[in-house]
Structure formats: C-alpha cells, structure tokens
Amino acid sequence: MTAADEVEVAHSPSEAAGLPLGNDQASHPSRAFLQRLLRSRSGRFGLFLVLVLVILSLFAPLVVGFLPLEMNRGDEFEPPSARYIFGTDQFGRDIFSRVLYGGRISLLVGYGSIGVAALIGVGSGLLAGYLLGLVDTAIMRLWDVLLAFPNIFLGIAVVAVLGPGQFVSALAIAIMNMPHFSRIARAAVIAEKQKEYVEAARAIGASDRRIVIKSILPNTIPPLLAQIATAIPRAILLEASLSFLGLGAQPPRPSWGNMLEDSREFLWRAPWYGFFPGLALFLLVLGLIFLANAIRDLLDPTRQNIE
Amino acid sequence: MTVYLLRRVIELLPVLFLASIAVFLLLHLAPGDPSYFVAGRDATPEELAAVRKKMGLDKPLQVQYFIWLAEILRGNLGESALSGQPVAKLIQARLPATLHLTVAGFLLTILLSLLAGVPGALRPNSKVDHFWSGYSAVAFGIPVFWLGILFILLFSVRLRWLPPSGYVSILDDPVRSVRLLLMPALTLGIANSGVLSRFIKFSVLETLQQDYIRTARSKGLAERVVIRRHALRNALIPVVTVAALMVGRLLGGAVVIEVVFAWPGLGRLLLEGINNRDYPVVQATLLFVVLIFVLVNLITDFLYVYLDPRVQLERN
C-alpha cells in the first residue's frame, strides 16, 4: 500500500471498500474491491496462499497419484521421497494425497458453517433489531447463553448430544458463530432505523419487510463482510481442533485434525506424519488471516492509520 | 460502583440459569435413554424400569431438572455412570493438573505478549516492530495442537531434552514438574499471545498519541518516565480486561493441549466422559467450565471499573 493510499480519506464504509460513488468509477463494485485488495501487500499474500491451497484441494485427483484411502503394502512409514513427497503413514497411505483430500473437509466445514451462521445470525439479528420487544429479548438471551460456553466446550456439548462427525462439528461451529452475526446485524438495524431514509421509505408506504431487505440490509454489509472474513480462519482452526479431539470427521476419511491425532502415536518412527498436515492447516489459516486483515482495513477507514 | 457491580451480578443469574438448563438437557436430548447405559445392553424391561426409577427418570422433566439443580447447589454433582464414583471427586482429582497448565500458560501468555507487543509500538515500522508483528501473526494462526507436536518433535524426538508427556505436581517434585510442564505451558502461552500482543501493541500506540503524553514530554520528563509512568500504565488498563477474557481461550486451548501431551486434566476427563457416554461427568464438567468462564467475565468487569473510573461514569 502506497503512502498516497493512506492519506486518502474515506468518508463512508462503502467508499473505503472501494465501492463506486459516482459514475466516474465505471467498474463493478466487487471488481473495484478486488483491485484495492490486490493493492495491499497482506491482501495479495493471503489471496495467493488461499488460492494455492484451494486449487490443490479441489483438483487433488489431478495432482496426486494415489487415492487417500489407498494402502500400499510394504510402503508403510516411507519418509518423504520423489514417489511419496510427504511420506506415508502406518498403512502405507500417501500423506500428500491425504493432506489434499483432507483440505476439502477443512474448506467445506469452514466456509459452510460460517455461511449458515451468517444466514441465520443475520436473519435473527434483523428480526430482533427491527421488532425489538419480546422477540429481541428472547433472541439475545439465547445468544447470551451460547456465549457463556467457551467455543470448544460448546462444540463438545453439541457433539455430546448428536455424536461425532463432520456434519455435527460443522453444525456446532455454525451455532457458536451465530451470536456474533446476530449482534452485528441487530446493532446495524437499530442504528440505521433512526436515519431519514428509513423514515422516508416508511412515509411512501413501504412495508416492514421491504424496508429491512431493501434499505437496511445493504448498509449492514461492510461490518458483516469483515466478520465473515475473520470468522472463517477461526472456523477452520476449530474444525481441525474438534477432529483432532476425535469429535469431527472420523477416520479413515482424512482431515487435517484427525491425521495429526493419528500421527501422535508415531512421532518417533514417522516425524513427517506429524508435520505436513499441520503445515497445510497453518498455511491456509495464515493466508485467510492476512486476507481478513486486508479486507478489514479496506472496510474500516479508521484502522488504516494504525497499521 | 456497588450498584453497578450488583446489577452485573443480577444480570448474570438468568444466563447461568439458562446455561444450567442447556447442560441438563444434554442428557435428555442425546439419543437413547441414559438408563440404558447404566443398566447395560442386555437389561430386561423390569431392570430398566428399576434403574429409571432409581435415577428419577420416571418423573416429569421439569421436576427432574429442579431435583438435579438442588443437588448441584448442595455440592452433589452426581455419580459417574461408568465407575460409580462421585463426579465431584473426579473433578477434584483432575483440577490440579489443569490448574498447573492454565496458570503457567496464563503467565507465559502475559510475558510473551508484553515482549511482543510493547517494543513494536514504541518504534513503529522498525526492524523490532516487523519481527514481533511476524511473531504475532504466526502465533495467532498456528494450530495449538500442531505447535505442541512440533515441540515434541524438536525437544523430545530430536534433541531428547524434555519428556513428551506426563504430569507431576509441583508440590511433589518441583524439578520434574517444571520439565514436564515446560512444553505444554509454552504451547499454550505462544498460541494465546498472538491475539494479546496485537491488542497490547495497538493500545500502546493509541495511548502514545494522547494529549497527556505530549504534555508529559513537553514538561521535560525523561522519555523513560513518560513511557513507564504515563503511557504503559494507561495502555495496560484495557489489556487487563482482554487478558482476563483470555481465560476462556486458555481453558479451550488446555483441552487440546491435554490431549497432545497426555496431560491428566479436566479436558481429558470431559473427552473420556463423551467417549464413554458418561453423561453425569460431561454435564458436571461442562457446568463447572461455564461457571468459571462466567465468573472470570464478572471479575473482568470489576477490574475494569476499579482500574478505570471513567467506565462507571459512562455507564451511569
């Protein structure tokens, strides 16, 4: 980011986000946003790491020569080599293949759970903020109770009821993220509701639903986007933690968490087994964090001066 | 001040009440009647009925809840469905290991965060700043359990300096206790310092821009005095509250780390409870954790008001 960028004063979140103010910036808002993202060093670095890992995971069959469950007799505990670049595990399975396929679970659970959390969280937040009263109290109390459980313990509680598995752990992660989205949406509605344009919309006879969806919702997007960006790396870490604890995706299906759990027994014989799945997880999370920082800086003009 | 604090306590009661209902319902939402686990798989219907009666499962749900709550308030956390031992005893047995880990982890978190947060704020964009910023990013993104595994690979497998697992109380054998504690506590400390060091850095940066810092400088105070007495003191007020909130992360991190280092703490007790479908153990441990978490939040609020009188004025 150049000095000129930093001096530039943003007057509104949408302007800071690179959204066009007038017709002079002809490009689509999302493209303008991407351009500004790529201009920041942390945005470029984050996007690069994430894209590499996403592409490798999605196109795993084209990249690796082994299936993740394929056991190669006689090749147990092979150290990294040209044939098995991350080595093999106790069943002679190719760790590189398992890491790439395992990445799919991380990505799916990470993005999926946050998507669901955002949808339900924002919906309930809009409802609470617009209606206030009893509905508001009920919804917010529910979130208070959820927030009384530290994250991992909420996950453990959900698994205790529904049993382990990737869908349950995704659900648990979605549930523990809902309060944050709900609170942001609610606060935004309450703030926006008092502004003149909402009053104007009401004066011309717009229905409640229309006001919330057409007038208020778009204004809540910048803070929600920032929240989504920061929540995803956390969700991916949490998924890995839960599956490391044996509560998420179950073996033999590979996930980074359950591979690391499995590797603990063989750290002396096969140190590479404990290394590569964690490295993949670390790089993905790091990339997502850098991306989130860049996105947050673009959306929040006050932070730009500090960093 | 008393009014504010009292109000906070009263506000917490419904949350605790609802959380206790949630934890209680765990047992009843779970597939399969708990009596099956106690009576065993080949129990006859008569035996099952007897167990249900003994466990109070034949009563209406709300009655069961209040009986359960009353027992808990009297300090009776129930008995393990597996071993029949009182759950309170099991928790008591595991608590010291978790305390060792979380207290040492907390101290290291604070130490590492100050080390990583303050120098960068005092000399922004210097080499020191870049180094510690990099450290914070890595510490924030690194998976706790992978960091633990890396430590074992380095210090136990390769260098053979430290034992990879086990726990001894510091009261029984201080030297061995510290050797065993070193890796788990450092793992916990590093993982948590990622967030806290960034927070400290921004807090110090912001404080340094305040008018009273300029005043202190312009009246000719030595820079060292300005930093120590004026900047750091004020910058660390918000840090106290975040550091206390870390306890939630600390407890969560401790569960994972207990598994990595085979540490016999509460986290492992909870996981064993889940694997054995030992619901009384799961319920009591969860309730215990929630209680600690909520209490820490409360203490944080108290500390905040105590350290920064402005908060109280704003809220009144």
Side-chain angles (χ1 to χ4, degrees), chain A residues 42 141-142 144-164 233-234 236-238 240-242 244-247 256-257 260-261 263-264 267-269 271-290 293 303 305-307, chain B residues 11-12 14-19 21-23 25-27 29-31 137-138 140-147 149-150 152-153 156-158 164 201-202 205-206 247-253 255-256 259-260 262 267 270-271 273-275 277 279 282-283 285-286 289-294 297:
Chain A
S42 114
R141 262 298 120 75
L142 177 64
D144 283 346
V145 173
L146 288 185
L147 290 173
F149 291 81
N151 273 346
I152 272 230
F153 294 97
L154 192 58
I156 291 175
V158 173
V159 174
V161 175
L162 299 176
R234 275 191 220 143
I236 286 178
L237 270 180
L238 211 56
S241 304
L242 287 174
F244 178 77
L245 296 178
L247 307 175
W256 294 340
L260 285 171
E261 208 281 317
S263 80
R264 280 180 49 241
L267 290 180
W268 270 258
R269 281 192 72 177
W272 55 87
Y273 191 12
F275 182 74
F276 290 110
L279 183 68
L281 174 60
F282 173 55
L283 290 178
L284 178 61
V285 170
L286 202 65
L288 286 165
I289 290 173
F290 273 92
N293 284 347
R303 281 190 72 92
N305 306 330
I306 306 175
E307 295 212 40
Chain B
E11 273 171 11
L12 277 180
V15 172
L16 271 179
F17 179 63
L18 291 172
I21 292 181
V23 168
L25 285 177
L26 275 184
L27 184 79
L29 289 172
V138 171
F140 184 64
I142 204 161
V144 190
F145 43 96
W146 187 52
L147 185 62
I149 288 175
L150 288 182
I152 296 180
L153 283 175
S156 304
V157 175
R158 183 140 284 235
K201 182 180 158 189
F202 291 130
L205 271 177
E206 216 175 287
V247 172
R249 280 178 65 98
L250 224 48
L251 286 171
V255 176
V256 178
V259 171
V260 176
L270 186 56
L271 290 171
I274 291 202
N275 289 333
R277 296 190 161 239
Y279 286 98
V282 175
Q283 284 181 317
T285 322
L286 274 178
V289 169
V290 170
L291 189 68
I292 291 182
F293 192 52
V294 169
N297 275 316

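Numbers restart at 1 for each chain; the letters A, B, ... are given by sequence-line order, proteins then strands.
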Q | Engaged part of B/I274 at the chain A interface, taking heavy atoms whose separation is under 4.5 Å | A | side chain
Q | Shortest non-hydrogen contact between A/A148 and B/F293, atoms and distance | A | O-CD2, 3.0 Å
**Q.** pair B/I152-A/W268: side-chain heavy atoms closer than 4.5 Å
**A.** yes
Q. For chain B, which of A/L279, A/D144, A/V159 has the most heavy-atom pairs under 4.5 Å?
A. A/L279
Q.
Give me the atom names and distance for the closest heavy-atom approach of B/G141 to A/V285.
A. O-CG1, 3.5 Å
Q) Of the backbone (N, CA, C, O) and the side chain (C-beta and beyond), which part of B/L270 lies under 4.5 Å from a heavy atom of chain A, both, or neither? A) side chain
Q) Which atoms of A/P233 come close to chain B, meaning under 4.5 Å heavy atom to heavy atom: side chain ones, backbone ones, both, or neither? A) neither
Q: Between chain A and each of B/A137, B/P143, B/G267, count heavy-atom pairs under 4.5 Å; write down the option with the most.
A: B/P143
Q.
Using the rule given for side-chain contact (heavy atoms from CB on, under 4.5 Å), can you reason through A/F282 versus B/W146, listing the C-alpha separation, both sets of side-chain angles and the distance that settles it, and then say yes or no?
A. CA-CA 9 Å; A/F282 173 55; B/W146 187 52; 3.6 Å; yes
Q. Is it the backbone or the side chain of A/N151 that comes under 4.5 Å from a heavy atom of chain B, or both, or neither?
A. neither
(Q) Rounded to the nearest 0.5 Å, what separates atom CZ in B/F140 from atom CG in A/L237? (A) 8.0 Å
Q: Return the option, out of B/V289, B/V15, B/V294, with the maximum number of heavy-atom pairs under 4.5 Å with chain A.
A: B/V289
**Q.** Largest heavy-atom contact set with chain A, pairs under 4.5 Å, which of B/L286, B/L147, B/L150, B/V260
**A.** B/V260
Q.
Let me confirm one number: the CD-CZ distance from A/E261 to B/F145, rounded to the nearest 0.5 Å.
A. 10.5 Å
Q | Check against side-chain contact (heavy atoms from CB on, under 4.5 Å), B/L271 and A/L247 | A | CA-CA 9 Å; B/L271 290 171; A/L247 307 175; 4.0 Å; yes
Q. Among B/V282, B/V255, B/N275, who wins on heavy-atom pairs under 4.5 Å with chain A?
A. B/V255
**Q.** Contact class of B/V144 relative to chain A, heavy atoms under 4.5 angstrom
**A.** neither
Q | Top contributor to chain A interface from B/L25, B/V256, B/I21 [non-hydrogen pairs under 4.5 Å] | A | B/V256
Q) Quick one: does A/F149's side chain get under 4.5 Å of B/V23's, heavy atoms only? A) yes
Q. Are side-chain heavy atoms of B/V290 and A/F153 found at a separation under 4.5 Å?
A. no
Q) Between A/R141 and B/P14, is there a donor-acceptor pair closer than 3.5 Å when you use the side chain of the first and the backbone of the second? A) no
Q: Between chain B and each of A/L267, A/I236, A/L146, A/L286, count heavy-atom pairs under 4.5 Å; write down the option with the most.
A: A/L267
Q.
Under a 4.5 Å cutoff for heavy-atom pairs, which residue among A/I152, A/L147, A/L284, A/L260 has the most contacts with chain B?
A. A/L260
Q. Which heavy-atom pair separates B/I149 from A/R264 by the least distance, and what is that distance?
A. CD1-CG, 4.2 Å
Q | chain B contact via A/L242 - side chain, backbone, both or neither, heavy atoms under 4.5 Å | A | neither
Q. With a 4.5 angstrom heavy-atom cut-off, which part of B/I142 approaches chain A: side chain, backbone, both or neither?
A. both
Q: Could you check which of A/G257, A/G287, A/P271, A/P150 has the highest count of heavy-atom pairs closer than 4.5 Å to chain B?
A: A/P150
Q.
With chain A as the partner, which of B/L12, B/L18, B/L16 has the greatest number of non-hydrogen pairs under 4.5 Å?
A. B/L18
Q | Spatial distance of atom OG (A/S263) from atom CG (B/L153) [nearest 0.5 Å] | A | 7.5 Å
Q: Could you look at B/T285 and say if it's the side chain, the backbone, both or neither that has a heavy atom under 4.5 Å from chain A?
A: neither
